[in-house]
Number of protein chains: 2
Amino acid sequence: MSVDTAREKFQAYLAQQGLRVTNQRLAIFDAAFAQKEHFTAEQLLTRARAIDDSVSRATVYRTLPLMTGSNILREVDIGSGEKFYMPAGTGGTQVAQVVCVDCDKIFEISAPFMEWYGSTVSLKLGLKPVSQRLQVSAQCIAFRSAGRCPNRLKK
Amino acid sequence: MSVDTAREKFQAYLAQQGLRVTNQRLAIFDAAFAQKEHFTAEQLLTRARAIDDSVSRATVYRTLPLMTGSNILREVDIGSGEKFYMPAGTGGTQVAQVVCVDCDKIFEISAPFMEWYGSTVSLKLGLKPVSQRLQVSAQCIAFRSAGRCPNRLKK
DNA sequence: TTTCTTGCAAAGGTTTTGCAGACCC
DNA sequence: GGGTCTGCAAAACCTTTGCAAGAAA
């Protein structure tokens with residue numbers, strides 16, 4: 001999905017919800033799509049402020065659900081306190097996250113079989129699956145050779 | 001794994017780390033193994049206090065990592081603000097969580113096929129998988145028939 | 001004018017931590 | 001004594017929310 005397509009989807013979503021396309025929302029959108037890495041709300045705030053310094057933290061947090069709601073952004077929760085976001089890839093595809101145990105770097109990998117996992121598991125319980133996520137903790141290459149990741153953040 | 005086995009593992013872990021087996025730690029252990037449901041830190045505190053009312057919240061939070069570290073407790077993060085815990089089942093087995101979208105009830109189910117996924121990841125990314133979890137959001141039976149779960153907690 | 005937006009600051013909820021006293025070896 | 005452990009309260013952390021001012025329709 002191109003940035004322009006995403007912007008259209010975002011604006012259409014806002015319109016449909018009776019919401020307005022403001023400069024702040026656009027700045028946040030542009031900041032989010034300025035690069036392809038995972039980012040946190042705080043990082044998004046910093047980048048959005050570089051575009052429009054009137055953007056506040058509150059507005060970032062209020063805009064994030066609008067972007068995930070319009071399916072242009074995907075939320076990734078690796079259970080580390082803060083949530084990560086990234087531009088949603090082309091529709092439909094199931095994605096799994098692989099997180100390095102040391103540096104918390106997030107790799108993403110296509111996992112088309114995940115859908116089958118979810119149905120199998122849900123069927124056993126008589127539940128109807130809505131969504132699913134597969135997360136793998138792993139040791140990245142740097143960690144295995146050096147015993148520690150170069151871009152490690154933790155203590 | 002029986003409660004007694006778990007207690008032995010826990011005490012062995014403490015000894016090995018040069019830590020002490022205190023009344024508070026044992027009360028927290030007993031509270032955790034008193035039942036098989038998922039529980040939160042706060043619920044654990046309440047139950048531990050019923051056993052030994054000198055147990056503080058701080059000690060509960062300090063003891064939880066000791067119990068997960070000794071592999072007698074498993075941490076389950078469904079991305080809902082608070083973490084859940086439950087006694088670890090018999091080793092090795094891969095487990096998936098199915099969470100009801102409405103009441104947040106957590107079902108657990110054995111998912112042996114997940115193991116296969118680990119090798120896939122290794123091959124594609126050159127990473128060494130450590131653990132993996134599959135979480136499925138689903139609608140439980142009560143929700144589908146009533147449009148709302150009886151034990152729902154959210155607003 | 002009516003509705004939607006915003007920034008600020010305060011509040012929210014869970015988890016962590018500094019500290020002084022208590023405890024065990 | 002030297003190390004560990006504890007409760008308390010405060011702090012840290014990310015996120016949400018109340019509010020009054022502001023902007024758009």
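Here is how names work: the chains are called A, B, and so on, in the same order as the sequence lines, proteins then strands, and each is numbered from 1.
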For residues 58-68 of chain A, which side-chain donor-acceptor pairs fall under 3.5 Å, sequence neighbours excluded?
unit_1	atom_1	unit_2	atom_2	d
A/T59	OG1	A/S56	OG	3.3
A/T63	OG1	A/T59	O	2.6
A/T68	OG1	A/L64	O	3.3
A/T68	OG1	A/P65	O	3.2

Task: B/R49 or B/R25, whichever maps to the more 5' nucleotide of DNA chain D - done: B/R25
Open item on the list: In whole Å, I'd like the distance from the OH atom of A/Y13 to the P atom of C/dC4.
Closed with: 15 Å
Open item on the list: Measure CG/B/L64 against P/C/dT16 and give the value in whole Å, please.
Closed with: 9 Å
- [ ] Between protein and nucleotides 18-25 of chain D, map the contacts as a letter string: B base, S sugar-phosphate only, - none, heavy atoms under 4.0 Å, written 5' to 3'.
- [x] B----BB-
Task: Spacing between B/Q24 atom CD and C/dC24 atom C1', to the nearest angstrom - done: 13 Å
- [ ] Any pair with a residue in residues 22-35 of chain B that passes salt bridge (charged side-chain N to carboxylate O under 4.0 Å, His left out), sequence neighbours left out, goes on the list, sorted by first then second residue, please.
- [x] B/R7-B/D30
- [ ] Send over the distance from A/L45 CG to C/dT6 C1', rounded to a whole Å.
- [x] 14 Å
Task: Sequence-distant partners of B/E82, salt bridge (Lys or Arg N to Asp or Glu O under 4.0 Å), two or more places apart - done: none
Open item on the list: Just the rounded figure in Å: distance from P of C/dT6 to CG of A/D53.
Closed with: 15 Å
Open item on the list: Is there a side-chain contact between A/V121 and B/F113 in this structure, where contact means two heavy atoms from C-beta onward sitting under 4.5 Å apart?
Closed with: yes
TODO: Send over the distance from B/Q17 CD to D/dG3 P, rounded to a whole Å.
DONE: 18 Å
Open item on the list: Check this for me: B/K9, atom NZ, are more than 12 non-hydrogen atoms of other residues, nucleotides or ligands nearer than 6.0 Å?
Closed with: yes
- [ ] Return the orientation label for the B/F29 and B/F33 ring planes: parallel under 30°, perpendicular over 60°, tilted otherwise.
- [x] parallel
Task: Side chains of A/P87 and A/F39 in contact at under 4.5 Å (non-hydrogen atoms) - done: yes
Between the protein and nucleotides 10-15 of chain C, are there any N/O to N/O pairs under 3.5 Å, and if so, what are the atom names and distances?
unit_1	atom_1	unit_2	atom_2	d
C/dT14	OP1	B/E82	OE1	3.2
C/dT15	OP1	B/K83	N	3.1
C/dT15	OP2	B/Y61	OH	2.5

Open item on the list: Both B/S56 and B/G18 contact DNA chain D. Taking the nearest nucleotide for each, which residue is further toward the 5' end?
Closed with: B/G18
Task: Distance, rounded to the nearest Å, where A/L44 contributes CG and D/dC14 contributes P - done: 15 Å
Task: salt bridge (Lys or Arg N to Asp or Glu O under 4.0 Å) partners for A/E37, two or more places apart - done: none
Task: Under 3.5 Å: donor-acceptor pair, side chain of A/Q135, backbone of A/D77 - done: yes
- [ ] Calculate the interatomic distance between A/L14 atom CG and C/dT5 atom P; express it in whole Å.
- [x] 8 Å
